[in-house]
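Structure first, commentary second.
The model shown is predicted, which means the values in this text are computed figures rather than measured ones. So you know, we letter chains A, B, ... as the sequences are listed, proteins then strands, and number each from 1.
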Amino acid sequence: MKQNLKVIGEHTNHIFKQNTQITQLGKSGQIHEAVKLFSEMTRKNTVTYNSMISAFNKNGKINDARHLFDNMPRRNLVSWNTMIAGYLHSDRIDEAYRLFVKMPKRDRFSWTLMISYFTRKGELEKARELFDLFPHKRDVAFWNVMIRGYGEKGRIVEARRLFDEMPLRVVVSWNLMLSCYTRNGEMRLGREFFEGMALRDVVSWNLMVDGFIEVGDLDSAWEYFEKTPHPNVVSWVTMLCGLARSGKILEARRLFDQMQNKNVVSWNAMISAYVKDYQIEEAARLFSDMPNRDSFSWTTMIDGYVHVGQLDKARELLNQMPYKDIAAQTAMLSGYIKNKRMDEACQVFNEIAARDVVCWNTMIAGYSQMGRMDKALNLFKEMKDKDLVTWNTMIIGYAQIREMEEAVKIFNGMKIKNVVSWNSLITGFLQNGLSMDALTSFKLMAHEGLTPDHSTFACSLSACANLAASQVGKQMHNKVLKSGHLNDLFVGNALITMYAKCGCILCAQLIFDDLDEVDVISWNSLITGYALNGYGKQAVQLFQQMVSKGRAGMLSEAFEVVRGLKIRANAGIWGALLVACKARGNLKLGKIAAEQLSEFEPRKTSNFVLLANMQADAGSWDEVENTRLSMKYTEAEKQPGCSWIEVRHQLHCFQSNMPMQPETAEVYSNLKTLTSQISNLDCVSNLIVSA
DNA sequence: TATGCGTAGT
């Protein structure tokens, strides 16, 4: 008997150890190892299953978690709570709620989850009702979840009231209250609160850094980052992303290189920074160097290839991915849609087994961009958990096929609308020549208590411009001043157009001069404005000014323009960009243009030559060699060089493969002399490929 | 408290 008990005890002890191991593996992202251990275990108990579910959840494999949950022999309260928490964690809140309703018994933890469900849905009143109704003594977590809910909806005053009422506050409560300020851009109040905090930890400092980054105050962010007593990996990643987002990629990289303990998130953040900066090769290098990858790493990289138009590379990577992840698949789906490759888009969409709301929305947006609202509507009807984006996408789709009545019907069918819904409606009216309706909507929106954003202002100002409504336009300008959106480029450009179309070119010029930063559209708006008001000479002068200034920066904008084209870009467009890249010495974008161009003109020598010359200019001789090789490999056809001159009314033609004739021999001899003189100068790089 | 995929706008 004693012996038997001992054996049982050892077994239990062993299982206990293995369960803990599964949890640990899950936490550190080693999901495959966790699965391996789980499947090798001969004896399992309920905790084993719960640990495995939790491990799946932590690695974004929510469907595997659910599969295990459905098939486990016995479930306890923790199994239910873990599964619900997993759904909440991966934003599948409706599935979380369905489980909550189904569960046989609930504890304090389940209630807290439930409240967080309602706060996540934005239904704060229901959450508050539960909060007040809770039958047991409310613990700190209860208060915290409610404060978080208020904070997420920007209801800072109510959050603060609750915070002040709390009988007991832990450091998490202080941080949650702080995050109400920092997450809502209230950095003055946030700083004040931070200074008076009774309890502070590294999270508090990180929140401050993140808050400053959000409002674009990089200096203060850096100041707090440097002052953080014991920065953790989150502090570093937050700062790194802040730098990356402001285009300071070199500084971001420096920080990354300084990091002592890089985790997978740090690597992902750095890869993402390169991807956003079109540096796909550097991103790929990091991707292959990183010690282990999670679904974020794969998705970022796949999206990166989509970003530079290398769809086949993206697809290859998706195929290589050791497990299917919806985000990665959706990135691919979105790539095919952006490039109008609808057949492949459908194929990917069908491959996705458990579709989430983002994936559905992407597909609906795809059809609506193609003008196929019939198909979009079918999906819309088929879809279960629609969110705001779903509805907004439908509004935009109908507006684009000029069916404003349908668009309005969708709009009116919405229980909750956000600022994008209104902007979509206003834009719809605007694009369909219904500027009055656009302005009316602007008024109605304010009436319903929604705050217009930069986009609302930009569209509404356009409506004023269309109507040449200078009075309303000026009022709108006033509102812009008060709102703090004056320095937004969209708004600034819209103001330029508005004043120009209302006949006040002086005002337009003043707005232009006051902008911190101008882009190609600002210039165009002003130039058009001058022309429109009869100042042709000034318009031409401005155009010349524009060409001579700040062109290098406009190159990337030109790329964005091409990406945003309603039609698929053709060889002409990519070719023009390639030439522009060469002229501006932008190898990074040049490579993208050349890659795209090779799809249309795989054997055109001049494209290869242009690229190789750019690489030579940049001193990348390895790349030059590669380009030369691929030119040979694709057997690029070399157009025979040809040139002609007219001497005394007679045309003389020279072709590189012309049979030798007396006069050509002389020409070649002269040419040889010239070539040798040139190669002694410092322009070898331009000849290196053609030689 | 940090990283990935979807909607609007000059």
Side-chain angles (χ1 to χ4, degrees), chain A residues 60 172 175-176 178-179 182-183 201-211 213 232-242 244 263-273 275-276 294-304 306 325-335 337-338 352 356-366 368-369 387-397 399-400 418-428 430-431 452-462 465 488-498 518-522 524-525:
Chain A
V172 176
N175 285 337
L176 276 171
L178 177 64
S179 76
T182 59
R183 288 287 154 93
D201 63 4
V202 64
V203 177
S204 332
W205 288 90
N206 294 349
L207 282 171
M208 288 303 283
V209 174
D210 192 48
I213 287 170
N232 60 8
V233 67
V234 180
S235 327
W236 286 79
V237 171
T238 306
M239 198 59 232
L240 190 155
C241 290
N263 64 0
V264 65
V265 180
S266 338
W267 287 87
N268 292 345
M270 199 62 232
I271 292 175
S272 166
V275 158
K276 291 199 176 85
D294 64 7
S295 53
F296 279 75
S297 333
W298 288 92
T299 309
T300 309
M301 214 45 229
I302 290 170
D303 185 53
V306 166
D325 178 90
I326 308 183
Q329 288 170 303
T330 310
M332 192 68 244
L333 175 65
S334 154
I337 286 172
K338 275 180 201 149
I352 303 176
D356 67 359
V357 61
V358 178
C359 154
W360 280 95
N361 288 344
T362 309
M363 200 61 208
I364 290 180
S368 97
Q369 277 155 28
D387 71 358
L388 271 168
V389 177
T390 325
W391 290 81
N392 295 344
T393 307
M394 291 299 287
I395 296 175
I396 296 151
Q400 272 166 358
N418 67 1
V419 66
V420 180
S421 327
W422 283 93
N423 292 348
S424 309
L425 185 77
I426 293 174
T427 311
L430 194 67
Q431 286 167 349
D453 67 1
H454 52 114
S455 183
T456 323
F457 281 120
C459 303
S460 306
L461 280 163
S462 274
D488 181 85
L489 253 184
F490 282 105
V491 176
N493 294 342
L495 273 168
I496 295 173
T497 306
M498 187 276 288
V518 291
D519 66 357
V520 70
I521 296 174
S522 329
N524 270 341
S525 310

Rounded interatomic separation in angstrom, taking [atom1] from [X] and [atom2] from [N]:
X	N	atom1	atom2	answer
A/Trp236	B/dA2	CH2	P	19 Å
A/Ile337	B/dC5	CD1	C1'	11 Å
A/Leu489	B/dT10	CG	P	13 Å
A/Leu495	B/dT10	CG	P	13 Å
A/Asp201	B/dA2	CG	P	14 Å
A/Met332	B/dC5	CE	P	14 Å

Check your understanding: Heavy atoms under 4.0 Å, any strand shown: does A/Asn524 hit a base, just sugar-phosphate, or nothing?
Key -> nothing

Review point. Ignoring hydrogens and angles, are the base of B/dA2 and the side chain of A/Asn268 linked by a donor-acceptor pair under 3.5 Å?
Key: no

Check your understanding: Quick one: the side chain of A/Asp294 and the base of B/dG4, do they pair up donor-acceptor inside 3.5 Å?
Key -> no

Point to revise | Worked check of side-chain hydrogen bond (donor to acceptor under 3.5 Å, both in side chains) between A/Asn268 and A/Thr300 | key: CA-CA 7 Å; A/Asn268 292 345; A/Thr300 309; 5.5 Å; no

**Study point:** Under the ring pair (Phe, Tyr, Trp, His ring centres under 6.0 Å) test, residues paired with A/Trp267 that sit two or more places apart
**Key:** A/Phe256

Review point. With centres under 5.5 Å and planes under 30° as the test, does A/Phe296 stack with B/dT3?
Key: yes

Review point. Can a donor-acceptor pair be found between the side chains of A/Thr238 and A/Asp210 at a distance below 3.5 Å?
Key: no

Point to revise | Between A/Asn392 and A/Ser424, a side-chain donor and acceptor under 3.5 Å | key: no

